[in-house]
Enquirer: 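Below: one structure in structure tokens.
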Amino acid sequence: MDLQDLPVTEVKHVGLQAAAILRGRSIHTAGDLLARTPRRYLDLRAADDWNLVNERVIGATVALVGTVVDSKRIGPMRGGGVSILLREPAGRGVLRVVFFHAPPGMAARTPLGAKVRVIGMLREGRGDLELHQPRVLAPDAKFAPIEAVYGGISTLAPATIARVVHSALERANEWSDPVPVELARTMKLRSSREALLAIHSPATNIPVDALIALQRGTSWAHQRLGFEELLAAAVVLERARKSVGHAQPIAFDPSVGPHVAKRLGFELTASQHEAIDAILRAMTIDQPMRRLLVGDVGSGKTLVAAAASLATLRAGRAVAWLCPTSIVAEQHAHTLTRGLGGEGAPIAVLLGSTPKRARTAARKAIARGQIRLVVGTHALLEDDSIPKDLGLAVVDEQHRFGVAQRMALVKDRAAHMLVVSATPIPRTLALAQYGDLDVVTMAKGPSSRQPITSRVVDPTDQEYIATTIRRALEANEGRGRVFVVVPRIEADDASAVTIAEADAMLSKHFPRDRIVILHGQLSTDAQREALHAFRTGSHPILLGTSVIEVGLDVPEANLIVILGAEHFGIAQLHQLRGRVGRGGQRAACLFVPESREPSARERLDEVAGCSDGFVLAERDLERRGAGEWFGEEQSGRDRSFRFADPLRDRALVIRAVEAARDILERDPTLASHPALDRAAARLVARGQHPTAEDAG
Ligand code: ADP
Ligand code: MG
């Protein structure tokens, strides 16, 4: 069996309980485990050197032997800490070691006069340099010169994860390499096994810059394993593109667009008209349509997808919409109810949070053919949630999903598929993620729209921010709505404004009962309630995280204030800005960086100065790559890829696509490339297991 498919329960040191926790994070196999790369590497090769202390190299990691010359308790007696003073043996250095919470037995291990080794990072203390909560070893204990540090998973401690990953690593020679031998040879690729070892257990003589590349995920080893993924994905996409499956032709019905627009109270824009036309025509033949609808934020893509859905329903086929979050799913269900005016009713909405009973009932009705239109999140990908006679699958805001999920949705189904993308897509990304799709572009949004005024505001200028919010609320006869967005719910690395901080700031200027909080960790009910309070205007200020970035549509919203704005990627900032001014009113956006550094402002000035998503994309993707474009959280990254980054590894993407075409040309069934065939199947299968982060 390929190591990639070996169940985690077969990995040494993984008990049943641990396996259950791992499964909860979609870690089912040894391959999944090995894709958990170290969070960072501790380089202790030059750390056994008191000069780091004597020269006050703040931030350096040290592993020093010292003599305990003082030890005292700090804080309350119970649950308190210990402060120890170490002296360099035969030297002048002193180092204070502070345990805010002393582990049991610490005092006994560090009596006066004892020698110990401490491993930690040097910090500026009050007088002496300090180590906080260091690791304490016997002076002669062995320590790894380079240590891979893993993140914990739920109740599994980092050390436990390290142990089980390394158990899996022992079997690295069972990893099956999908790259054909000849190709690996011409590309001069090293083996998968070497790549896995390099990542999880770097050689002790590795140069520092190579270690940094490992940490950033840009090393040769990441590219090596990334190429495997890209090749498998290219095979999947190429096969999907070529499969002349059979789909039910949908009769061309030019009335659906105007019909839906009218029900929603609009005139179709020229772009909408063209897009609907192209899509309806593509569905009239018996070959499944595979189309990517690309349009800037706010260009009115939902209506286009709704019109295609109506045509499909009228032709007697069922329709499914896969949405990125519960909020968006419910919003689309609402729009479809209005826009389709009862055709296609009743609509089933299936979310991760849908109670089991309701889900079972819905599935039964779907099986009986009573439900023709289902809208949902990943919950849809579970068995029996999709009508058997599916005519059209709509996948909204695709960049949250991966190749794998998309394939899972239409697998074995002769359905047409319309993928709706929120962001303009560069060519290499399109090749790696959308190689099976034809593109339709919507150039312009409704002409009734006024340009959004964007401005970068100094973080200390709270009066200005508060006044702008107040004016926005008062606009449109007091019906204004304001989004305030922060990068994180809680600060996890000291920087980045939190919900609580923003709440405290807002509460200084506005009554508490005007503010409602929305973020992804609230229950679906709480999210729904929060959104309702905002939509109806009972709470016209919505303070939230970037959950609102994806597809949220509140026509009255006329101001968005983005705090800690430098923590968002350019695409995210543009998406967030697209949440306002949708009702045609005047609207504005304030980018408020957290830091006053000029570098924090630079990118914000750029977004503020350009309102065209396509132009922004082109400019910035070329220049800065995926990380900057999608932001720190990598929300745009296809989760089907663990090592590959299609935007960064452009050359590899092109190579993978060429290779996949070539291989399939000569060996269409992959009979002589079984490992590659299995890798492709594995990638598709992964789409059927929603991950915890995916469960919207
Ligand atoms: P996106 O392309 O970002 O998904 P939506 O489909 O959510 O955009 O549409 C953005 C906003 O524009 C919504 O409030 C929608 O109701 C509105 N809208 C859509 N089509 C039209 C139109 N033809 N005329 C005016 N407003 C429209
Ligand atoms: Mg949308």
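Just so it is clear, the structure is predicted and the values come from calculations on it, not from any experiment.
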Enquirer: Spell out, as yes or no, whether a donor-acceptor pair under 3.5 Å connects the side chain of R290 to the backbone of R241.
Expert: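 Not at all, since once roles are kept as given, no pair shorter than 3.5 Å links the two residues.
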Enquirer: Sort and list the pairs that fulfil salt bridge (charged side-chain N to carboxylate O under 4.0 Å, His left out) and have at least one residue in residues 351-361, not counting sequence neighbours.
Expert: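 Listed by first then second residue: R359-E382.
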Enquirer: I need the single residue from L392, I250, V319 that forms a side chain to side chain contact (heavy atoms under 4.5 Å, CB included) with L313. Which is it?
Expert: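 Passing option: V319.
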Enquirer: Working note: V260 + L340, criterion side-chain contact (heavy atoms from CB on, under 4.5 Å); need CA distance, chi angles, decisive distance, verdict.
Expert: CA-CA 6 Å; V260 174; L340 270 49; 4.3 Å; yes
Enquirer: With a 4.5 Å cut-off on side-chain heavy atoms, are V374 and P387 touching?
Expert: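 They are in contact (side-chain heavy atoms under 4.5 Å apart), so the answer is yes.
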Enquirer: A side-chain contact here means heavy atoms from C-beta on lying under 4.5 Å apart; do H673 and I663 qualify?
Expert: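 Sidechains of I663 and H673: in contact.
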Enquirer: Treating D667 as the side-chain partner and A671 as the backbone partner, does any N or O pair qualify as donor plus acceptor under 3.5 Å?
Expert: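 Looks like yes, one N/O pair under 3.5 Å.
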Enquirer: Rounded at 0.5 Å granularity, tell me how far CD1 in I347 sits from OG1 in T337.
Expert: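 Output value for this atom pair is 3.5 Å.
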Enquirer: Measuring only between side-chain heavy atoms, which start at C-beta, is P646 closer than 4.5 Å to F641?
Expert: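 Result yes, sub-4.5 Å side-chain heavy-atom pair found.
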Enquirer: Knowing that exactly one of L293, V419, V294 qualifies, which makes a side chain to side chain contact (heavy atoms under 4.5 Å, CB included) with V439?
Expert: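 The single option meeting the side chain to side chain contact (heavy atoms under 4.5 Å, CB included) with V439 is V294.
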Enquirer: Decide yes or no for R338 and R263: does some side-chain heavy atom of the first lie under 4.5 Å from some side-chain heavy atom of the second?
Expert: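 Contact flag for R338/R263 side chains = no.
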Enquirer: Taking atom CZ as the centre, does R314 end up with more than 12 heavy-atom neighbours from other residues, nucleotides or ligands that are less than 6.0 angstrom away?
Expert: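 Correct, the count exceeds 12.
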Enquirer: Under 3.5 Å, side chain of D662 to main-chain N/O of E658, donor-acceptor pair present?
Expert: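 No, because the side chain of D662 does not come within donor-acceptor range (under 3.5 Å) of the backbone of E658.
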Enquirer: Taking R577 for its side chain and V607 for its backbone only, find out whether a donor-acceptor pair lies under 3.5 Å.
Expert: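 Checked: pair present.
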Enquirer: Do the side chain of Q585 and the main chain of G583 share a donor and acceptor less than 3.5 angstrom apart?
Expert: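 It does hold such a pair.
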Enquirer: Within this structure, what is the CE-CZ distance for the pair M289 and R281, rounded to the nearest 0.5 Å?
Expert: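 One finds 14.0 Å between CE of M289 and CZ of R281.
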Enquirer: For Q450, does the CD atom have more than 12 heavy-atom neighbours from other residues, nucleotides or ligands under 6.0 Å away?
Expert: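 Yes, because the 6.0 Å sphere around CD of Q450 holds more than 12 heavy atoms from other groups.
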Enquirer: Got a second to check how far R655's CZ is from D649's CG, nearest 0.5 Å?
Expert: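 Those atoms lie 14.0 Å apart.
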Enquirer: In sequence, state the C-alpha distance, the side-chain angles, and the governing distance for I452 and S611, and then conclude on side-chain contact (heavy atoms from CB on, under 4.5 Å).
Expert: CA-CA 8 Å; I452 301 164; S611 60; over 6 Å; no
Enquirer: Is there a side-chain contact between I560 and C589, using heavy atoms and a 4.5 Å cut-off?
Expert: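 They are in side-chain contact.
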Enquirer: Go through the side-chain N and O atoms of Q331 and R535 and say whether any donor and acceptor fall under 3.5 Å apart.
Expert: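 Distance-only check passes for Q331 and R535.
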Enquirer: What closest approach, in Å, do L280 and D253 show between heavy atoms, and which atom pair accounts for it?
Expert: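 Between these two residues, the closest heavy atoms are CD1-O, 3.5 Å.
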Enquirer: Does a side chain donor of either R528 or S353 reach within less than 3.5 Å of an acceptor in the other side chain?
Expert: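 Their side chains do not contain a donor-acceptor pair, so the 3.5 Å distance test is not met.
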Enquirer: If you measure from CG on D553 to CD1 on I327, what distance do you get to the nearest 0.5 Å?
Expert: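 Taking CG in D553 and CD1 in I327, the distance rounds to 12.5 Å.
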Enquirer: Is the backbone N or O of F643 less than 3.5 Å from a side-chain atom of E229, with the two atoms forming a donor-acceptor pair by type?
Expert: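 Yes, the answer is positive, given that a donor and an acceptor are paired below the 3.5 Å cut-off.
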Enquirer: Would you give the length of the straight line joining atom CG of D389 to atom CZ of R317, rounded to the nearest 0.5 angstrom?
Expert: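 It comes to 5.0 Å.
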Enquirer: Between F534 and F483, is the ring centroid distance below 6.0 Å?
Expert: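 Judged by ring-centre distance (under 6.0 Å), F534 and F483 do meet the cut-off.
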Enquirer: Any idea which heavy atoms bring G352 and A379 closest together, and the distance?
Expert: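 Reported closest heavy-atom pair: N-CB, 3.9 Å.
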Enquirer: Check whether T354 reaches the backbone of L350 with its side chain - one donor and one acceptor, N or O, closer than 3.5 Å.
Expert: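 Side chain of T354 to backbone of L350: no pair is present.
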Enquirer: For V304, which of L268, V440, I276 qualifies under side chain to side chain contact (heavy atoms under 4.5 Å, CB included)?
Expert: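 So, applying the side chain to side chain contact (heavy atoms under 4.5 Å, CB included) to V304 and each of L268, V440, I276, only I276 qualifies.
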Enquirer: Between E606 and R603, does at least one N-O distance fall below 4.0 Å, as a salt bridge requires?
Expert: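 The answer is no: the pair does not qualify as a salt bridge.
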Enquirer: Distance check, rounded to the nearest 0.5 Å: E238 atom CD versus L231 atom CG?
Expert: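 With rounding to 0.5 Å, CD (E238) is 11.5 Å from CG (L231).
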Enquirer: Is there a side-chain contact (heavy atoms from CB on, under 4.5 Å) between R579 and V554? Walk through the geometry before answering.
Expert: CA-CA 7 Å; R579 298 302 128 212; V554 179; over 6 Å; no
Enquirer: Testing the basics here: between A329 and C323, what is the closest heavy-atom pair and its distance to 0.1 Å?
Expert: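 Minimum heavy-atom separation between A329 and C323: CA-SG, 3.7 Å.
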Enquirer: What I want to find out is whether R239 reaches D677 closely enough, with some N-O distance under 4.0 Å, to be called a salt bridge.
Expert: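 D677 and R239: salt-bridged.
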Enquirer: If you take all heavy atoms of A472 and V482, which pair is closest and at what distance?
Expert: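 Here A472 and V482 meet closest at CB-CG2, 3.8 Å.
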Enquirer: Do any N or O atoms from the side chain of N558 and from the backbone of R481 form a donor-acceptor pair under 3.5 angstrom?
Expert: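 A pair under 3.5 Å: yes.
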Enquirer: Could you check whether any side-chain heavy atom of L664 comes within less than 4.5 Å of a side-chain heavy atom of L670, counting everything from C-beta outward?
Expert: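 Yes, close enough: below the 4.5 Å cut-off.
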Enquirer: Apply side-chain contact (heavy atoms from CB on, under 4.5 Å) to residues V297 and R582 and explain how you reach the verdict.
Expert: CA-CA 10 Å; V297 55; R582 298 182 147 233; 3.8 Å; yes
Enquirer: Is the side chain of H416 donor-acceptor paired with the backbone N or O of Q248 at a distance under 3.5 Å, no angle test?
Expert: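 Yes, H416 side chain to Q248 backbone: donor-acceptor pair under 3.5 Å.
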Enquirer: How close do L230 and A432 get, heavy atom to heavy atom, and via which atoms?
Expert: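 Minimum heavy-atom contact is CD2-CB, 4.2 Å.
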Enquirer: Other residues, nucleotides and ligands only: do more than 12 of their heavy atoms fall within 6.0 Å of CD on E529?
Expert: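 No, because the 6.0 Å sphere around CD of E529 holds 12 heavy atoms or fewer from other groups.
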Enquirer: For residues 296-308, pull every pair meeting side chain to side chain donor-acceptor pair (under 3.5 Å), keeping only residues two or more places apart or in separate chains.
Expert: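 Residue pairs passing side chain to side chain donor-acceptor pair (under 3.5 Å), neighbours aside: D296-H574.
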